[in-house]
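Below is one structure, written out as structure tokens; the observations come after it.
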Amino acid sequence: MARPEKEIPPEALMEVAELARELRALRRRSNLTYRELASTSHYSAAALSLAASGQRAPKWEVVEAFVRGCGYSGDLRSWRRIHRWALASEAGRKAREDVGSAGDTAEGDADTSASADTDAVTEAPSPFPAPADGLLALVQQFVETHPRDELQRVTSPTVDRVHTALALCTTAQDVLSVMRELVADKGLTIATLEKRSGRIYQISAATFTAVLNGKDLPTTEFLHIFLTICGVEEERTLIWHHTVTRIKIAALRHRPSPPPAAAPVSAETPDRLVSIVRLVWLLLLGVVVGVSVGLLTFTATQSISTGTAVGIAFTTLIPVIVRSISTKVWDR
């Protein structure tokens, strides 16, 4: 039984670790041991194991032999890109180390020579300049300033450039930028994405273009299809979904709350008060009219009984009038 492969060192450069991780994943998918791979790639098992160790960037010839030996017959452009990033990362670290050692030497010299050396170092351009606030610069700073166990918690058992970049994403634009970078890393085109999506759920090229160049986070379903057709292994998709969910929650928490709605002023209350006043007024008016008509009748006829009967007759009409008006008012 083959011995388990050593883990990639957490202190390894991100790009070198990513190349090693991809080589290891390819060998596992081909079900080959390093000894079996050596017979097909014409490199020793030790050289192939070192290439996938993450300790340093191997030569391109070794990477090509490794990939072809695993039976991969596709385009090597994505592999060249990953290898080129690994070499660039190593060169950048070497340049930083050289600058640091030159600075230490200059400190022990005389003031004049120290000033001259410092000017020379300052004027030396970086072989691989990058924006100071760019995503990769932030990732590198994150790796250099965080403890090893914390890196393992937020990324994966190995330091992974894409995973670490996702851990640092704070906006939808950050996530979309990493998605576009993933497409470039895999050497894919929008047409290829459209064709591959047909195996799961057909998505048009226009939709891919709109999402990747848009401003909003992708839906869970779109992200799942996108990662699947880009060849991202299932266990590596979790941090993508976690990142998108985290940013969505943050956006909801920081969304300004709408001002409390004012209580609606009901027009029913003043209308009912007016109706009640009107009914009371009609009631009083009816009583006054009944008494007045009764007195007029008594004066004209000189008959108390006749005046009283007429007054009572007018007064008895009031409940009917009030009932009719109140029914119409309260049923409105």
Side-chain angles (χ1 to χ4, degrees), residues 14-15 17-32 37 40 52 60 63-86 135-136 139 155-156 158 160-169 171-248:
M14 291 175 294
E15 289 76 7
E18 183 177 1
L19 174 60
R21 176 177 54 78
E22 294 296 338
L23 290 173
R24 292 184 178 197
L26 180 63
R27 185 185 65 82
R28 286 196 299 269
R29 289 195 296 268
S30 65
N31 294 319
L32 294 175
L37 182 57
T40 60
W60 167 247
V63 175
E64 182 179 17
F66 193 112
V67 173
R68 294 302 188 193
C70 289
Y72 181 81
S73 58
D75 192 354
L76 293 177
R77 283 182 297 179
S78 60
W79 286 100
R80 284 186 179 274
R81 186 181 299 108
I82 298 174
H83 179 256
R84 186 165 59 251
W85 281 339
L135 185 57
L136 291 181
V139 171
T155 58
S156 65
T158 62
D160 183 284
R161 182 173 63 92
V162 175
H163 283 205
T164 307
L166 287 172
L168 294 178
C169 288
T171 65
Q173 287 300 315
D174 291 340
V175 176
L176 294 173
S177 176
V178 179
M179 291 175 67
R180 293 192 294 268
E181 186 178 1
L182 178 63
V183 174
D185 289 350
K186 300 295 184 179
L188 302 175
T189 63
I190 296 297
T192 306
L193 295 177
E194 179 182 23
K195 182 178 179 181
R196 289 187 178 184
S197 68
R199 307 171 192 168
I200 308 173
Y201 183 83
Q202 188 64 56
I203 300 177
S204 66
T207 301
F208 278 113
T209 302
V211 173
L212 293 176
N213 295 326
K215 298 180 179 179
D216 299 325
L217 288 168
T219 63
T220 302
E221 295 78 8
F222 181 93
L223 183 60
H224 171 73
I225 296 173
F226 173 81
L227 296 175
T228 301
I229 63 182
C230 284
V232 178
E233 297 179 1
E234 185 175 357
E235 62 269 18
R236 296 177 186 169
T237 62
L238 180 60
I239 192 171
W240 286 87
H241 292 286
H242 170 77
T243 301
V244 170
T245 302
R246 171 171 56 81
I247 294 177
K248 287 181 178 179

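Note that the coordinates shown come from a computational prediction; the quantities given were computed from them, not determined experimentally.
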Is a side-chain N or O of [X] found less than 3.5 angstrom from the main chain of [Y], in a donor-acceptor match?
{"X": "R81", "Y": "A184", "result": "yes"}
{"X": "S197", "Y": "I203", "result": "yes"}
{"X": "Q202", "Y": "E194", "result": "yes"}

> Nearest 0.5 Å, what's the CG-CD1 distance between L188 and I229?
Replying inline: 8.0 Å

> Tell me, which pairs form a ring-ring contact (aromatic ring centres under 6.0 Å, His included) where one or both residues lie in residues 178-204, sequence neighbours left out?
Replying inline: none

>> I'd like to know whether H241 forms a side chain to side chain contact (heavy atoms under 4.5 Å, CB included) with T220, so could you lay out the CA-CA distance, the side-chain angles of the two residues, the decisive distance to 0.1 Å, and finally the verdict.
In response: CA-CA 7 Å; H241 292 286; T220 302; 4.0 Å; yes

Nearest atoms (heavy-atom pairs only) where [X] meets [Y]:
{"X": "R27", "Y": "L32", "value": "NH1-O, 2.8 Å"}
{"X": "P218", "Y": "V244", "value": "O-CG1, 4.1 Å"}
{"X": "L166", "Y": "R246", "value": "O-NH2, 3.2 Å"}

> So, do W60 and E64 sit near enough that their side-chain heavy atoms are less than 4.5 Å apart?
Replying inline: yes

Mind checking what makes side chain to side chain contact (heavy atoms under 4.5 Å, CB included) contact with [X], not counting sequence neighbours?
{"X": "A65", "answer": "S41, Y43"}
{"X": "L182", "answer": "K186, F226, L227, C230, V232, W240"}
{"X": "N213", "answer": "R180, T209"}

Looking at residues at least two apart in the chain, or sitting in another chain, which of them share a side-chain hydrogen bond (donor to acceptor under 3.5 Å, both in side chains) with [X]?
{"X": "R28", "value": "none"}
{"X": "S204", "value": "T207"}
{"X": "T192", "value": "T189"}
{"X": "T219", "value": "none"}

> Quick one: salt bridge (charged side-chain N to carboxylate O under 4.0 Å, His left out) partners of R29, sequence neighbours excluded?
Replying inline: E233

>> The criterion is salt bridge (charged side-chain N to carboxylate O under 4.0 Å, His left out); which residues satisfy it with R196, sequence neighbours excluded?
In response: none

> Just checking, any donor-acceptor pair under 3.5 angstrom between side chains of D174 and S177?
Replying inline: no

> Does NZ belonging to K195 count more than 12 external heavy atoms closer than 6.0 Å?
Replying inline: no

Hey, can you pull the donor-acceptor pairs under 3.5 Å for the side chains in residues 66-75, sequence neighbours left out?
residue	atom	partner	partner atom	Å
R68	NH1	Y72	O	2.9
R68	NH1	G74	O	3.1
R68	NH2	G74	O	3.3
Y72	OH	D75	O	3.0
D75	OD1	R77	N	3.1
D75	OD2	R77	NE	2.4
D75	OD2	R77	NH2	3.0

>> Under the rule for ring pair (Phe, Tyr, Trp, His ring centres under 6.0 Å), what residues qualify as partners of F208, not counting sequence neighbours?
In response: F222

